[in-house]
Structure formats: structure tokens, C-alpha cells
Enquirer: 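I have a structure here, written as C-alpha cells, and I will follow up with some questions on it.
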Amino acid sequence: MKVFKFGGASVKDAAAVKNVANILQDYKTEQLVIVVSAMGKMTNALEKVVDAYYNKTGEAQALFEEVKQFHYGIMQGLFEPGDEAFDAVNDTFVEVEWVLEDEPAESYNYIYDQIVSIGEFISTRILADYLNRAGLPANWLDARDVILTNNSYREALVDWQMTEKNALKFVSPMLKKGFVVTQGFIGGTSENFTTTLGREGSDFTAAIFSYCLNAESMSVWKDVPGILTANPKLFKNVTKLDRLSYREAIEMTYYGAKVIHPKTIKPLQNKNIPLYVKSFVEPAGAGTLISGETDTHYPPIIVVESNQTLLHISTRNFSFVAEENLSRIFALLAKHHLKVNMMLNTAISFSVCLTDRPKRIEALVADLQEDFKITKDSELELITIRHYRPEILDKLKVGKLVLLEEYLRGTVQIVVKNVPEIERIASQ
Ligand code: ASP
């Protein structure tokens, strides 16, 4: 069997859903688990509904109406009026409307997962029904019946043992009857509450299914021809990488390459399952193959991650930032769930680059301030260049103030601030 993952852009309107069905026609004879994200930008739209509901702004119902109309618009392009396909979708909408009528009584994260998850429930209902109408037998699977998680809402952790058991029990027999269509991003607790695995988590879902069902391969269908050497929106002359090792892929995605979710690689690597990144625009293209092959020569690969904050932490009494202080700092970073992207220490200071999560960073700084002096710089970019060449680095630094720079084998990382020309001249 194989696992396919289709993201939000691949099902963003009726024509896109038809295109997915066309791609799947070529795999009619295969056993496929098809993991699907919410349509278009519906996860963002549902997040706004949750915010409005939780903060009682009075706009939740109106925002939810926009979500409903977006889906109805797509369905009208796929189904006849009155088609049964509308029933399951309507039921899901009504359930959310009931929630929105009451005052919020649970935690923000719990409410978030119960409401935001409907994006995936609806997209999978629509796709499964459309595939069936198009002559491709498809069974809708509730991902919560398979992916068991703890109750860390919004970043739930998977119980791999139970999930593997469930996958074999529920999915294997279903695959004999046709395609299995299921939601990305979603899991369920042992008490049957819905959880989510973190934003952009659908790739990870596909990797979980691949691992548990010993898939022959997994394919992620994207709006780009494969994995590129840099973001084409930011750089000219980018090229497609035909092959990548798991190692190269995990390094790229960890530092912010957006093509696949960083958690995707480990389960695949652990069972040596090849991962294809392919284009849903040009499905015949070869895409990029990520596999267990040993690294060959790669061209320079540039990953730019914006939205970074740099904390400069120094001891107040001139004591060294040695092991005890470092372990205290790391314990606090873990406590506040902050991801460290880069770090550097001197005798009495420690600098750390974090993805900006303002509330968490504020709480961390409050804790750290008891013992340390802190300076904070925000709105920075972290640029990672793997297999770098000096001339590329020089070009990338133009117009930027470099706040931190680190070299490790063939990789360079710099944390930079964009500075207007006038400030640059003044600081020279
Ligand atoms: N729909 C979710 C998100 O936008 C999960 C995903 O698409 O991977 O974050």
C-alpha cells in the first residue's frame, strides 16, 4: 500500500478537487490511504472563529458563516443540489453552531482543537464523496479511530503502539474495499476528545500511517515541482533537487524549509520508506525522492526563516555561563515550549535564536530575569545555507545587519536584521 497526502492548496476550490480525482484515476488499482488537509486557508479562518468565540467579540457566528459559505461554494461546483454529500457537512456545521451558542467554558487549547479540526473533517467528506461519484470507491476514515494521542491540546503526542494496533485493525480491511480517505492533523484521546498535532501537521499524519501500515512509499502532492534549492518567491535561479537523503531533508526542514513538516522524516527513515514530493499541477513530473541513500554532492541550499527573536542572556554577577546556568536556561526553554534554532555562548553570556512566540517568550524572560540580564531583538531572519559557498554568503548579507553567525562543516547560519540604507551607512 501507499500513502498520499494532499495539502490545503490542492483542494482549495472545486476545480482543484476535480484535479485530485484526476490524479487518483491513475492509481485506481493501488491500495491507497489518502490524507487530506483543510481546504485552502480554512484552518486560519477557523482559528479566527475560535479567537472570536473565546474572547467573546460577538463575531464568531459571522466568521463561521464565512467558513460555511466557502465550503458550500466548493460543493456547488461538485455536487447536484440536494445531493446526500451535503448532509454530513451540514451536521458538522450544526455541531459547531451549537458550541458557539454557549459561553466558552473550557480551556482555549481544548476549544481550538474541537473547532479547528472540522476543516479536515469537512474536506475529507467532500473529497471522499466526490471520488465515489467519479467512480473511484473511497471510504471515509475518522482519523481519531486510529491516531491515539495524549491530551496536550494543539500539540498532542502520539501513542505509537496503540496507533499501530488501530491502523492494522481498522485501515487494513478498509483498503481492500477501495481508497481510504482520512484527515491530516487530527488525533483523538482515549476519552474520545479531538486533538491536533500542531500546525501543518498533515504531513506528519501521512508519515504516521506510512509507518504503522509499512507503506511501500509516501507521496506529498504540492504546488511546486519538488524540493527546491531555495524559496522561489525570494530567490532567482532556484533548481529542483531530484534526490535527497533523509538526513539532508530533516536538516532542511528543521531550519524552516516549508516543503514538508520536519516531524515527517523520522517515522519514514525508521522504516526506510521512500518519500516523494510531487507536483499536483504537473503530476507526471518526477518530483523529489527522499530516501535512505547516502549523501552525494548537493548544490547550496538556502532556507530563510523569518519571525525570529534573539535573546542575549548574561549573568548579572560576572559568573560564567557554565553547565549549571546552561541547564537552568534549557529547563526554562523546555518549560515554555520554545524551539531553539541557533545558540552561541561566551564566558558570561548565552545567545539563543527562537521562533517568535511572543507570549511564551515574555514568560521565559520573566523567569530568566530573576538571575540574568536579558536583551531581546525581534523581527529577525534566520538564514541557513547548507553546502555554502563564500560568494553566496556575501550576497545574502547585503542590506542586512548580522547579529549572530555560526559555521559548522558545510553549513552556515546567520541571524540578521534588515536595515534601511541610511542606517547602514551610519553604522559603517
Ligand atoms: N490544516 C492544518 C494547517 O493548516 C494542517 C495541515 O494543513 O497540514 O495547519
Side-chain angles (χ1 to χ4, degrees), residues 3-13 16-17 20 33-51 63-64 66-68 70-71 74 89 92 96 108-109 111-128 140-144 146-147 149 152-158 181-188 194-211 218-224 227 249 253-254 256-268 275 277-280 305 307 337 339 355 357:
V3 176
F4 281 7
K5 182 258 170 172
F6 288 97
S10 67
V11 287
K12 70 179 192 328
D13 53 31
V17 175
V20 169
V33 169
I34 302 161
V35 174
V36 189
S37 298
M39 298 178 138
K41 303 262 181 245
M42 278 300 105
T43 303
N44 292 351
L46 286 161
E47 280 186 343
K48 287 197 183 129
V49 174
V50 175
D51 283 346
L63 289 166
F64 189 61
E66 287 175 23
V67 170
K68 283 171 64 178
F70 174 84
H71 287 106
I74 294 181
V89 172
T92 309
V96 176
Y108 179 88
N109 289 352
I111 295 171
Y112 178 103
D113 281 2
Q114 311 318 303
I115 294 181
V116 169
S117 55
I118 70 135
E120 269 73 11
F121 286 115
I122 292 173
S123 68
T124 49
R125 286 279 184 205
I126 295 175
L127 180 68
W140 185 84
L141 169 74
D142 189 330
R144 294 171 298 189
V146 176
I147 300 186
T149 71
S152 298
Y153 295 103
R154 293 187 70 188
E155 41 191 34
L157 296 177
V158 176
V181 176
T182 197
Q183 310 78 47
F185 179 51
I186 285 162
T194 308
T195 54
T196 61
L197 308 174
R199 285 299 310 262
E200 315 292 333
S202 297
D203 294 340
F204 183 42
T205 301
I208 297 170
F209 277 99
S210 302
Y211 178 94
M218 169 174 151
S219 301
V220 174
W221 295 85
K222 309 271 311 176
D223 55 2
V224 283
I227 296 192
T253 54
Y254 183 81
K258 295 283 182 293
V259 231
I260 31 174
H261 191 282
K263 280 190 179 174
T264 314
I265 307 294
K266 181 182 185 288
L268 300 178
L275 168 62
V277 178
K278 289 177 67 98
S279 158
F280 61 74
E305 177 84 311
N307 216 6
H337 302 277
K339 179 174 175 264
T355 302
R357 305 286 298 258

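Note that ligands are numbered from 1 as they come in the structure, with each ligand's atoms numbered from 1 the same way. Just so you know, these numbers come straight off a predicted model, no measurement behind them.
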Enquirer: Give the numbers and elements of all ligand 1 atoms closer than 4.0 Å to a heavy atom of F185.
Expert: 2 (C), 5 (C)

Enquirer: Within ligand 1, which atoms have a heavy atom of S202 less than 4.0 Å away?
Expert: 5 (C), 6 (C), 7 (O), 8 (O)

Enquirer: Looking at R154, is its backbone amide N or carbonyl O close enough to the side chain of N109 to form a donor-acceptor pair, meaning the two atoms are under 3.5 Å apart?
Expert: no

Enquirer: Check each heavy atom of E120 against ligand 1 and say whether those closer than 4.0 Å belong to the side chain, the backbone, both or neither.
Expert: side chain

Enquirer: Return the set of residues passing ring pair (Phe, Tyr, Trp, His ring centres under 6.0 Å) with W221 (not counting sequence neighbours), or none when no residue passes.
Expert: F4, F6

Enquirer: Does E47 come within less than 4.0 Å of R199, counting only side-chain N to carboxylate O?
Expert: yes

Enquirer: Measuring from the heavy atoms of G201, does anything fall under 4.0 Å of ligand 1?
Expert: yes

Enquirer: Donor-acceptor check, side chain of E120 to backbone of V36, threshold 3.5 angstrom: yes or no?
Expert: no

Enquirer: Is Q183 reaching over with its side chain to a backbone N or O of A143, donor-acceptor style, under 3.5 angstrom?
Expert: yes

Enquirer: Can you list the ligand 1 atoms lying under 4.0 Å from a non-hydrogen atom of S37?
Expert: 6 (C), 7 (O), 8 (O)

Enquirer: Would you mind listing which atoms of ligand 1 come within a distance below 4.0 Å of any non-hydrogen atom of R199?
Expert: 3 (C), 4 (O), 9 (O)

